[in-house]
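Values in this document were obtained by computation on a predicted structure and should not be read as measured data.
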Amino acid sequence: MSSRLLIDVHNHVYLPRYASLLRSRSNAPRILSRLAVSGGTEERLLILDHEPSGGRPVGPQYWDRSEKLKFMDLHGIDISIVSSANPWLDFLSASSAVDMAKSLNEDLEEYCQTSPTVSLSLKRLYGFGLLPLVPSVSSNSLVQIVDQISSLPHLKGVIMGTRGIGKGLDDEALNPMWEAIERKGLVIFLHPHYGVGKEEWGEKENGHVLPLALGFPMETTIAVTRLILAGVLDRYPNLRLLLAHSGGALPQLSSRLASCIHHDPVVASRLKHDARYYLGKLWFDAVAYGSEELEFVGKVVSRATRYKSASAPTETDVPQSNKLLFGTDYPFFPPLEAQNEKWRSVLDNLEAINGVESWTQDEKDNALYQNAIDLFGLNQSKA
């Protein structure tokens, strides 16, 4: 594809069926109605108990497709890969989660399939399906939902949190799921939800800043490190795993991780490769808000092939940007004032990519659209 595009791989939706489920609940996660400061009533999304500010205001931008398309038009975004936002199905029983996953995946397919087109071969919306990753769910049920998602032409992968089926994503009970996802060629979007313990944030009121800026990235860092240590990326080397928020702190800590593994008798001989090698097996959204941060992530990931052999590093770096993909995190982080203006959160992420001085224009185009075309196979999509 020769024409330039802008593709957003981190864009959330609460489908109407899911929003209705949250409204029916009396405890978190829930959507509740309350009196607004300005008078009248407002809806608020309470994702976790004891959330700062009594949750956050929600409205049509969370579920109305026309609002999403208006946002995309305002920012020049051609295609969005949309995903259900946290808490997904974590709060449901196994049987309820399986039924809801099936229904929501069908809903998301229709949501994307009936969206406008960019060209004869491309829709404006594609999606990540949902898996019923809850305690007591059977491996057969997970594999069946993987098969369902792969049969829906506008769903290109799955979004999942970090808890797995209660024991974490490194639980061996998930091996049939990993095998099915790898076999079907679906992309996994790994996204945080629980952060770290709220006792770490102290008593001073700081809104959502500490949980979102620090808790979420550390949750992702721990989850993917556990996957590496469990050998999941060795057993399923063709898994395509996309990490939210530029991989959290994993790039910064990857050499420390490699050293700790090398010196620990429990895991020193467990993995096939040096830990830094596995970063080259991952993809990272470019939701980092700064050019220097993106350049750092790109440099760390580009060197991964040096560490394919723990005993004999090589010097074959790859282009710095070819595992980074533009994202917006819509509808979160809206402007606090004028709602008709472009979102600073989006502009910051665009400027971060375009502002990396060491990247060529081709490398910037990789992050803006080409990597997404390649990762999600959009050249082969059918309208």
### Query
Are V143 and L174 connected, step by step, through hydrophobic side chains (Ile, Leu, Val, Met, Phe, Trp, Tyr) whose heavy atoms are closer than 4.5 Å?
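No, no single cluster joins them.
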### Message
Using only atom types and a distance under 3.5 Å, with no angle test, would you say the side chain of K323 pairs donor to acceptor with the backbone of G280?
### Response
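Confirmed, K323 side chain pairs with G280 backbone.
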Do [X] and [Y] meet the criterion of a side-chain donor-acceptor pair at a distance under 3.5 Å?
X	Y	result
N140	Q144	no
Y194	D90	yes
E293	S246	no
S66	D64	yes

### Task
Could you grab the distance from atom CG of L122 to atom CG of L378, nearest 0.5 Å is fine?
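If we round to the nearest 0.5 Å, L122:CG and L378:CG are 6.0 Å apart.
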### Message
Could you measure the distance from the CD1 atom of I228 to the OH atom of Y277? Nearest 0.5 Å is fine.
### Response
12.0 Å
### 4.5 Å side-chain heavy-atom contact, L130 and N105
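L130 vs N105: side chains touch.
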Exercise: identify the closest heavy-atom pair between [X] and [Y]:
X	Y	value
Y289	A352	C-CB, 4.0 Å
P132	V137	O-CG1, 3.4 Å
A223	L190	CB-CD2, 4.4 Å
V9	F128	O-CE1, 3.8 Å

### All ring-ring contact (aromatic ring centres under 6.0 Å, His included) counterparts of Y18, not counting sequence neighbours
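Here the qualifying residues are Y14.
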### Query
Got a sec, which residues hit side chain to side chain contact (heavy atoms under 4.5 Å, CB included) with K364, two or more places apart in sequence or on another chain?
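Only I353, N354, W359, Q361 meet the side chain to side chain contact (heavy atoms under 4.5 Å, CB included) criterion with K364.
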### Task
Mind checking side chain to side chain contact (heavy atoms under 4.5 Å, CB included) for T114 and listing every partner two or more places apart, or none if nothing turns up?
R65, E110
### Query
Do the ring centers of H273 and Y278 come within less than 6.0 Å of each other?
yes
### Query
Hey, would you say the H10 and F189 ring centroids sit under 6.0 Å apart?
yes
### D107 vs R17, salt bridge (charged side-chain N to carboxylate O under 4.0 Å, His left out): CA-CA, chis, key distance, verdict
CA-CA 8 Å; D107 291 350; R17 185 191 305 268; 2.6 Å; yes
### Task
Let me see the working for R270 and D264 under salt bridge (charged side-chain N to carboxylate O under 4.0 Å, His left out), right down to the final yes or no.
CA-CA 10 Å; R270 184 186 294 174; D264 194 302; over 6 Å; no
